Amino acid sequence: MTILGVDYYPEHWPADRWPADARLMHESGLQVVRLAEFAWARMEPAEGQFEWDWLDRAVDVLSGAGLQVILGTPTAAPPAWLTRAYPDILPVDAQRRTRSFGGRRHYCPNSPTYRAHTRRIVAALAGRYGGHAAVIGWQIDNEFGGGQTARCYCEDCAAAFRQWLRRRYGDLDALNDAWGAVFWSQTYTDWEQIEPPGLANEKPNPSHGLDYDRFASDSWVDYQQLQLDVLRAHVAPAQFVTTNLMALFTDLDYFKLAGPLDFVTWDNYPTGQTERWGSQLYPPPSDAGADGQASHAYDVGDPMITGLGHDLMRGLKDQPFWVMEQQPGYINWGRYNPTPVPGVVRLWTWEDVAHGADAVVYFRWRACLYAQEQYHSGLLRHDGAPDQGLHDVRALKAERALLDAVRGATVAAEVALLLSYEDLWALDSQPHHGEFGYLRHLFTYYRALQRAGVGVDIAPPARELDPSRYKLVVAPTLHLVDEAHAENLRRYVAGGGHLLLSIRSGFKTTSNRVVDTPLPGLLRDLVGATVAAWHSLPPGVTYLLELVEMDGPSRPKSSPKAAFTARIWAEALEPHTAASLARFTGGPLAGRAAAVVNHVGRGQVVYWGMWADDAMADAVLGWMVEAAGVESAAAEVPPGVKVLRRRSGADEFLFLLNLGAREASVLLTSPDLTDAHTGQPAGRSVQLAPRAVRVLRRAL
Ligand code: GAL
Ligand code: ZN
């Protein structure tokens, strides 16, 4: 059963309203309610004085109405009394300013004091509800790192950082060597000399900076583990434990954070995410080859940005996930906060499900009358009447059977896209070109795969890649490479896998130093070529190139002459065992190889030596998808539309989502699909109304 639910704050409303709320939730087809993740001050109004009556009653009212409950641990919001009595819990920013009470997340994960209070409140809460029949699971804290709180620079963190470094390097000589500390007399002779970065009058040594990024991320993983241990000691084994993530938020290594959780959940605000991340993800204005964004309706959010969020969240544990907060209408934290038109909340729900969500929980039940989120919608309006979001949710009641049939189906992806937070941190601190963004580069390939109608999983470079599962692996940049990463890829390719590697790969060691061997370092044997030169191209500087071998049937449709223009980044390659795929025809690299293909074992590796624009990404992926035999669900996916697939037993479900404001038609590759609701044949060319979804079905 696909679960639908809602986030509810009983503490914001008079208790005599709760029964009516609970009844309406249940009647509307909702099954679960998340509660209490910011309610510490109500649970413990003074130190050691717990008040559970209100929460007991809220849980009873909800369960009495047939709803199940998820409880949040309230540690994202330490109360005023705690903050005042123990000011050492407060976080310190990079400028060494202590942050104050009045918002949320005002605590340091390394504070021994806060860790002790965390243990107390979590044990008390879990002790009380860990056996409650209505409680199905737990959310730890809320959005670790949100509101720019992932990195703290307090004295507790400085001490913990030194310990972390001791564990990593053992002795100072090793650290000095790994960091290249001989540079500018940075050599350390005592661990106590090492400080968190941030206040030096130059950018930090990149090895120091990357280790701080790793340390800060590990600090949250460790803080989460503290809560996990307390919860698992107190709660029934059937109650799950998770936390809620923020998709494309990059300050934390989400693969590590997700590891110990039962499953991943995330908070999906499509219009906000599009605004927040759009300019970092889409090509910069100076990149004239860009397709630009805005193929989506203004109130729906960008399907590619939402999609990458979903696919990453599914990839963290390689398993289905929940949406723990789903945008229910307008939000409050954008620059612009459009109100979705009727039907959009239903569309988002299907989009979540199409990408692999097992549950969709709407944030929040009723719009709040006061404080920071007054301007945020809920399923109910401020006055308590149903808002459009609730009408949409109620409309989903008629689609229950289909929602349930899809639950548990696997997202059928034959392509893996590799993403590494450490590569991202390293490159974003030394981009070398102001428009070179790690995620922007990756997003170019992600979008090209979506345009090709090909499903994609996101995986970390260390995950074992099985060639019988993934016909194609795309690694836009593998920057910090160790022998284990290289061996993982060698094994995959030797076993028959097709690998696309691109620029700046193999450039560094994992301690963020440049390798002392010819590029691409440890990946050179796989690539079968040497990167002889690399050029950062300022805006307006372009190098022309042409394809050498991608002619014939797989010649790119988008570019009849198969000529391209490189912008942002270009590398000149010298093939040894590889064959040239593309050659520069203009500029200082004219005549040299720009891309190569190398046959290794039963597989092959393409190294694409340029920052790809959309035309290039379509061309190289179009060719590789065909060469690898990756199945595409659609012959053509128009802008604003996406086509996603899930498989369950003998059935395949095809989700056609039009997130655009205009009618669109999708040309399918399979003739024998039927409408999943009506059973009628769907035909090859399927029309989609604006902001509409269609679910088709096919027997496998
Ligand atoms: C989320 C957060 C919620 C609420 C919501 C508003 O990021 O977890 O508590 O603030 O945003 O959109
Ligand atoms: Zn700290």
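All ligand and atom numbering here is 1-based and tracks the order in the structure. This one's a predicted model, so the numbers in the text were calculated from it and none came from an experiment.
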Exercise for review: Any side-chain hydrogen bond (donor to acceptor under 3.5 Å, both in side chains) involving residues 39-48? Give me the pairs, sequence neighbours left out, ordered by first then second residue.
Suggested key: Trp40-Glu44, Glu44-Arg120, Glu47-Tyr86

Closer than 3.5 angstrom, by distance alone: can the side chain of [X] be matched with the main-chain N or O of [Y] as a donor-acceptor pair?
X	Y	answer
Asp392	Val344	yes
Arg440	Tyr282	yes
His382	Gln374	yes
Trp220	Ala150	yes

Which of the numbered atoms in ligand 1 are below 4.0 angstrom from a heavy atom of [X]?
X	result
Asn142	2 (C), 8 (O), 9 (O)
Asp267	8 (O)
Phe363	3 (C), 4 (C), 5 (C), 6 (C), 9 (O)
Phe38	9 (O)
Glu143	1 (C), 2 (C), 7 (O), 8 (O)
His376	6 (C), 12 (O)

Review point. If you count the non-hydrogen atoms of other residues, nucleotides and ligands that lie under 6.0 Å from CD in Glu155, is the total more than 12?
Key: no

Exercise for review: Inspect the surroundings of NE2 in His26 and state if more than 12 heavy atoms from other residues, nucleotides or ligands are less than 6.0 Å away.
Suggested key: no

**Study point:** Side-chain donor-acceptor pair present, Asp21, Tyr8, cut-off under 3.5 Å
**Key:** yes

Exercise for review: State whether a side-chain donor-acceptor pair under 3.5 Å links Thr113 with Asp88.
Suggested key: yes

Point to revise | Arg105 and Glu143 ion-paired at < 4.0 Å | key: no

Exercise for review: With heavy atoms only and a cut-off of under 4.0 Å, state how Met246 meets ligand 1: side chain, backbone, both or neither.
Suggested key: neither

Point to revise | Contact partition for Glu37 relative to ligand 1, non-hydrogen atoms under 4.0 Å | key: neither

Review point. Is the closest heavy-atom distance from Arg104 to ligand 1 below 4.0 Å?
Key: yes

Check your understanding: In the protein, which heavy atom is nearest to atom 5 (C) of ligand 1, and how far is it?
Key -> Tyr269 OH, 3.3 Å

Exercise for review: Decide whether an N or O pair under 3.5 Å exists between Glu325 and ligand 1.
Suggested key: yes

Exercise for review: May I ask you to check whether Asn332 has an N/O atom sitting below 3.5 Å from an N/O atom of ligand 1?
Suggested key: no

Review point. Going by the angle between their ring planes, with limits at 30° and 60°, are Tyr9 and His12 parallel, tilted or perpendicular?
Key: parallel

Check your understanding: Testing Phe363, Trp333, Tyr370 for ring-ring contact (aromatic ring centres under 6.0 Å, His included) with His376, which one passes?
Key -> Phe363

Study note, to complete from the structure: The option among Glu373, Gln327, Met324 carrying the non-hydrogen atom nearest to atom 4 (C) of ligand 1 is Glu373

Exercise for review: Anything protein N, O or S sitting under 2.8 Å from the Zn ion (ligand 2): count it and give me the total.
Suggested key: 4

